[in-house]
**Student:** 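Dropping a structure here in structure tokens format, bear with me for questions.
Naming convention: chains lettered A, B, ... in sequence-line order (proteins, then strands); numbering from 1 in each chain. Hydrogens, waters and symmetry mates are skipped; everything else that's a heavy atom, side chains included, is used.
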Protein chains: 2
Amino acid sequence: MAVARRSGQERIPPHPDIQTIGLQQVLEALVDPVRRQIVSELYAARQDLACGTIDLPVSKSTATHHFHVLREAGLIRQYYAGTSRMNALRRDEIDEAFPGLLRALVARRDRE
Amino acid sequence: MAVARRSGQERIPPHPDIQTIGLQQVLEALVDPVRRQIVSELYAARQDLACGTIDLPVSKSTATHHFHVLREAGLIRQYYAGTSRMNALRRDEIDEAFPGLLRALVARRDRE
DNA sequence: ATCGTACTTTGATGGATGTCGTACGATGCT
DNA sequence: AGCATCGTACGACATCCATCAAAGTACGAT
């Protein structure tokens with residue numbers, strides 16, 4: 001029998017089309033402060049970041065979970081670069097599907 | 001000993017100052033679809049509505065709970081008119097504290 | 001006074017989800 | 001080959017929260 005190849009880029013499950021994502025799912029993703037931190041840092045950095053370069057107040061396995069939720073919600077795109085998993089904010093797509101949302105949530109000096 | 005009077009307007013606990021509310025709390029309030037429905041209807045109606053005039057897919061006690069959460073999050077103001085509890089969206093205050101947020105969340109044709 | 005209306009309070013319950021530790025997988029470097 | 005790095009997968013666990021039914025409170029009308 002054929003064994004699943006799954007080499008190269010195939011290590012990441014397909015990303016959802018952003019148009020199929022509802023506001024509900026996006027909000028559920030963004031309501032978690034850790035996930036909002038991730039999005040904020042990607043937004044501010046204006047470049048893709050490896051999971052490891054964002055330091056989060058949670059364990060590694062929990063961090064993985066949060067990146068997963070963000071990916072499923074259509075907010076980030078992930079790809080591998082060597083052993084590093086890179087994260088890209090899907091900014092334009094988000095802005096098109098949910099105008100004003102990112103800006104309202106992320107472009108704040110959060111002292112919270 | 002004096003018994004608490006609690007007549008007239010005093011039936012509603014004090015409303016929080018909107019400046020003391022964090023984005024986190026506001027998001028937690030708005031992530032629930034029932035609560036977003038309430039806010040949306042108040043937004044669209046452009047006038048205060050009694051609890052009873054918004055029909056929600058939940059029991060009355062659950063509805064009370066949702067109005068409570070919205071009030072604590074600084075999103076609505078409540079007052080009595082006879083036996084009806086009226087709800088006012090604190091629109092300008094919200095817009096000032098969280099610019100763009102209401103618009104992004106509510107001004108969508110939600111088929112979700 | 002009694003009744004109806006409108007909503008609240010209380011207590012219980014169930015389901016979802018954020019959290020972690022440990023084990024595992026994939027890649028790159030020496 | 002061997003090892004370190006980077007991150008995932010799998011349970012397990014605790015907490016939080018939306019939900020409801022039932023009983024209670026406040027007000028207005030009859």
**Student:** Can you list, by residue number, the residues of residues 64-79 of chain B that have a non-hydrogen atom closer than 4.0 angstrom to DNA chain C?
**Tutor:**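 Residues of residues 64-79 of chain B under 4.0 Å from DNA chain C: B/Thr64.
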**Student:** Over all heavy atoms of both residues, which pair between A/Gln24 and B/Val31 is shortest? Give the atoms and the distance, please.
**Tutor:**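 Looking at all heavy atoms of both residues, the closest pair is NE2-O, 2.8 Å.
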**Student:** Using a strict threshold of under 4.0 Å (side-chain N to carboxylate O), is an ion pair present between B/Arg90 and B/Glu96?
**Tutor:** no
**Student:** Please find the pair of heavy atoms, one from A/Glu72 and one from A/Pro16, that lie closest to each other, and give the distance.
**Tutor:** O-CG, 3.5 Å
**Student:** Roughly, in whole Å, what's the span from CE in B/Met86 to C1' in C/dA6?
**Tutor:** 13 Å
**Student:** Rounding to an integer number of Å, can you tell me how far A/Ile12 CD1 sits from D/dA9 C1'?
**Tutor:**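 From A/Ile12 CD1 to D/dA9 C1': 14 Å.
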**Student:** Distance check needed: D/dA18 C1' versus B/Asp32 CG, whole Å only.
**Tutor:**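 Distance, rounded to whole Å: 7 Å.
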**Student:** Counting side-chain heavy atoms from C-beta on, which of C/dG18, C/dT19, C/dC7 comes nearest to A/Arg35?
**Tutor:** C/dG18
**Student:** D/dG28 phosphate, OP1 or OP2: any side-chain N/O from B/Thr83 under 4.0 angstrom?
**Tutor:**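 False: B/Thr83 side-chain N/O out of range (4.0 Å or more) of D/dG28 OP1/OP2.
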**Student:** Nearest-Å distance, CG (A/Leu49) to C1' (D/dG7)?
**Tutor:** 16 Å
**Student:** Take atom CD of B/Gln25 and atom C1' of D/dC16, then tell me their distance rounded to the nearest Å.
**Tutor:**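 Roughly 15 Å, once rounded to whole Å.
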**Student:** Once you apply a heavy-atom cut-off of 4.0 Å, does B/Ala63 come out as touching a base, just sugar-phosphate, or nothing?
**Tutor:**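 B/Ala63: no heavy atom of the nucleic acid under 4.0 Å.
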**Student:** At their closest point, which heavy atom of B/Ala63 faces which heavy atom of B/Leu56, and how far apart are they?
**Tutor:** CB-CD1, 3.9 Å
**Student:** Enumerate the residues from residues 51-59 of chain A whose closest heavy atom to DNA chain C is under 4.0 Å, giving them by residue number; use none for an empty result.
**Tutor:**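 Correct list: A/Val58, A/Ser59.
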**Student:** Can you find a pair of side-chain heavy atoms, one from B/Gln78 and one from B/Cys51, that are under 4.5 Å apart?
**Tutor:**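 Yes - at least one pair of side-chain heavy atoms lies under 4.5 Å apart.
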**Student:** When you check the side-chain N and O atoms of B/Thr62 and B/Ser59, is any donor under 3.5 Å from an acceptor?
**Tutor:**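 Their side chains do contain a donor-acceptor pair, which is all the 3.5 Å distance test asks for.
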**Student:** Can you tell me the base-pairing partner of D/dC27? Count Watson-Crick or G-U wobble geometry only, both distances below 3.5 Å, and say none if there is no partner.
**Tutor:**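 Result: C/dG4.
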**Student:** Between B/Arg36 (CZ) and D/dA18 (P), how many Å, whole number?
**Tutor:** 12 Å
**Student:** Go through the N and O atoms of the side chain of A/Ser61 and the base of C/dG21, and report whether any donor-acceptor pair is under 3.5 Å.
**Tutor:**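 Yes, the side chain and the base share a sub-3.5 Å donor-acceptor pair.
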**Student:** Please find the pair of heavy atoms, one from A/Pro57 and one from A/Val34, that lie closest to each other, and give the distance.
**Tutor:** CG-CG2, 4.4 Å
**Student:** Of all the choices, D/dT19, D/dA21, C/dA26, which nucleotide is nearest to the side chain of A/Arg11 once you look at every atom?
**Tutor:**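 Closest nucleotide among those given: C/dA26.
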**Student:** Would B/Asn87 and B/Asp48 count as a side chain to side chain contact (heavy atoms under 4.5 Å, CB included) here? Give the steps.
**Tutor:** CA-CA 5 Å; B/Asn87 302 279; B/Asp48 304 353; over 6 Å; no
**Student:** Judged by atom type as modelled, is there a donor-acceptor pair below 3.5 Å linking the side chain of B/Arg35 to the main-chain atoms of B/His66?
**Tutor:**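 The answer is no, because no donor-acceptor pair under 3.5 Å joins these two groups.
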**Student:** Take the protein atom OH of A/Tyr80 and the nucleotide atom P of C/dA26, then report the distance between them rounded to whole Å.
**Tutor:** 10 Å
**Student:** What integer distance in Å separates A/Lys60:NZ from D/dC10:P?
**Tutor:**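 Atom-to-atom, A/Lys60 to D/dC10, this comes out as 18 Å.
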